[in-house]
Amino acid sequence: MNYININKKKKDINGYIHITGSKSESNRFLILKALFPNLIFLKNISNSDDTLLLNNALFSNKKEININHSGTAMRFLTAFFSIKEKKEVLLTGSYRIQERPISILVETLKKLGANIVYEKEIGFPPLRIIGKKLLGGEIYMNANLSSQFISSIMLIASTFENGLKIFLSKKITSHSYIKMTFKILKKIGLNISWNNNIIYIKNIKFSKKKFKNKKKILIESDWSSASYYYSLVALSKKANLNLKFYKKKSLQGDKIITNIYKIFFNVKTIFKKKNINLKKNFLLKPKTININLNSTPDIAQTIAVTCTGLKKKCILKGLKTLKVKETDRLNALKNELFKLGVKIVLTKNSLKLLNFKKNKKNKYINTYDDHRMAMSFSTLGILYPISILHYNVINKSYPNFWLNLKNLYFIIKNKKI
Ligand SMILES: O=C(O)C1=C[C@@H](OP(=O)(O)O)[C@@H](O)[C@H](O)C1
Ligand SMILES: C=C(OP(=O)(O)O)C(=O)O
């Protein structure tokens with residue numbers, strides 16, 4: 001089995017890092033560009049596998065399209081292909097994608113007239129989709145399992161003759177991602193409103209004038225990927241780190257890490273033109289950590305690992321959807337943190353880190369086909385040597401991650417068991 005060992009002699013972090021554009025923004029803009037080809041010109045697109053797979057799928061002539069582990073691609077392409085008139089595709093992915101639910105999206109699209117059939121198990125991919133013209137109207141959607149179901153329909157809704165009114169029911173999860181979709185549709189000029197739990201998207205013919213002009217869009221770099229550097233700075237002795245292409249006014253909810261790491265981990269962010277500078281501030285007294293991450297689930301692993309490194313007790317709530325991500329992230333965290341001597345208590349939607357024993361030996365961290373397990377745990381390499389199994393999983397969202405750590409003078413050795 002291949003693994004890598006990560007270590008660092010000096011416990012400081014200095015340098016410049018360029019992370020490519022947000023995978024969530026890239027995936028949304030690429031769907032919109034495929035729907036309205038002459039209107040959008042994109043810069044700083046994500047180089048993640050998930051974005052490459054989605055982009056290739058959009059223009060593929062193959063009968064079967066495999067999107068591997070990408071939940072976003074699976075959900076966004078289901079909606080996209082359901083309106084590609086006369087085109088038939090079998091949309092599939094990895095074993096894990098075939099375990100991740102999709103019925104809320106499929107049943108909603110079917111109510112709107114789409115032709116979609118579950119090829120294996122009801123409620124899960126693979127899906128056979130035969131595209132047809134959809135007219136739109138009004139629809140209720142359960143918003144408490146994945147925001148991707150709602151975003152995917154929002155992205156195609158302006159092509160419906162009658163537009164679409166979506167009534168969101170139950171407690172909205174990953175709210176920040178629906179907000180991102182909303183803001184992007186507004187930004188390109190579509191006529192869209194969101195009041196209370198009703199999102200209303202009108203047909204493109206009702207869009208604002210600016211929709212007609214070609215838009216140059218510089219995609220902001222990925223804040224979820226930046227979270228690993230926030231963890232590194234929090235765990236360092238001293239830091240002066242610059243990350244490229246970040247804005248004070250972001251479309252990404254994960255920018256909340258700037259506040260979380262400031263309040264709880266003494267990491268100071270300074271916005272300088274298009275970059276951010278991170279420093280460790282020793283003046284503030286860190287508070288006890290008790291946060292709800294229902295709107296921004298992708299940063300939960302990063303925060304749990306930072307707390308482990310700093311031996312800080314914490315309670316993270318709003319984590320129900322972690323069970324249906326690339327792996328069951330709650331159990332994966334429990335197993336791997338236990339190896340590091342952490343006592344962790346799980347409920348259905350929360351985790352508590354309680355006791356920390358001294359970690360002496362190099363530990364082998366399993367990654368469960370989850371990029372965020374690999375990247376979050378690797379940040380402990382600044383404190384003690386740590387080994388990450390199946391380290392290529394990072395390609396899903398951030399293929400340059402190991403290279404970028406090397407640029408920060410981490411010693412990274414490829415090994416075999
Ligand atoms: O819309 C998006 O780009 C995403 C939405 C979130 O998923 P859920 O809405 O399923 O929680 C997030 O976890 C995922 O990484 C990206
Ligand atoms: C959950 C994630 O992605 P997706 O749902 O697109 O697979 C993620 O990137 O953490």
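Numbering of ligands and ligand atoms starts at 1, following listing order.
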Open item on the list: Pairs of nitrogen or oxygen atoms closer than 3.5 Å, one from Gln148 and one from ligand 1: do any exist?
Closed with: yes
Open item on the list: Keeping Glu220 on the side-chain end and Lys247 on the backbone end, is there a donor-acceptor pair under 3.5 Å?
Closed with: yes
Open item on the list: List the protein residues in contact with ligand 2, where contact means a heavy-atom separation under 4.0 angstrom.
Closed with: Lys23, His69, Ser70, Gly71, Thr72, Arg100, Gln148, Asp298, Lys325, Glu326, Arg329, His371, Arg372, Lys396
Task: Taking atom 10 (O) of ligand 1 as the reference point, the nearest protein heavy atom with its distance - done: Ser146 OG, 2.6 Å
Open item on the list: By the definition side-chain contact (heavy atoms from CB on, under 4.5 Å), identify the one residue from Asn14, Leu408, Leu232, Asn277 that meets it with Leu241.
Closed with: Leu408
- [ ] Could you check if a side-chain atom of Tyr398 sits within less than 4.5 angstrom of a side-chain atom of Ser46, using non-hydrogen atoms only?
- [x] no
Open item on the list: Quick check on Asp298 - does any of its heavy atoms sit under 4.0 Å from an atom of ligand 1?
Closed with: yes
- [ ] Tell me whether the guanidinium CZ or amine NZ of Lys274 lies under 6.0 angstrom from the six-membered ring centre of Phe245 and within 45° of its axis.
- [x] no
Task: Ion pair Arg372/Asp298, N-O distance below 4.0 Å - done: yes
Open item on the list: Is it true that, when you exclude Tyr16 itself, more than 12 heavy atoms of the residues, nucleotides or ligands shown sit nearer than 6.0 Å to its OH?
Closed with: no
Open item on the list: Check this for me: does any side-chain nitrogen of one of Lys396 and Asp50 sit under 4.0 Å from a carboxylate oxygen of the other?
Closed with: yes
Task: Heteroatom distance test (Ser174, ligand 1): nitrogen or oxygen, under 3.5 angstrom - done: yes
Open item on the list: Tell me the protein heavy atom at minimum distance from atom 8 (P) of ligand 1, and give that distance in Å.
Closed with: Lys325 NZ, 3.2 Å
Open item on the list: Can you confirm, on distance only, whether ligand 1 has an N/O atom lying under 3.5 Å from any N/O atom belonging to Ser24?
Closed with: yes
Task: Nearest-contact summary for atom 9 (O) of ligand 1 - protein heavy atom, Å - done: Ser147 OG, 2.5 Å
Task: Distance, nearest 0.5 Å, that separates CD1 of Ile217 from CG of Leu42 - done: 6.0 Å
Open item on the list: What I'd like to find out is whether the side chain of Leu145 reaches to under 4.5 Å of the side chain of Asn142, using heavy atoms alone.
Closed with: no
- [ ] Would you tell me which option among Phe149, Tyr177, Phe76 has the nearest heavy-atom contact to atom 6 (C) of ligand 1?
- [x] Tyr177
Open item on the list: With a 3.5 Å distance limit and no angle check, can you tell me whether Glu161 reaches the backbone of Gly136 through a side-chain donor-acceptor pair?
Closed with: no
Open item on the list: If the contact criterion is a heavy-atom separation under 4.0 Å, does Arg28 count as touching ligand 1?
Closed with: yes
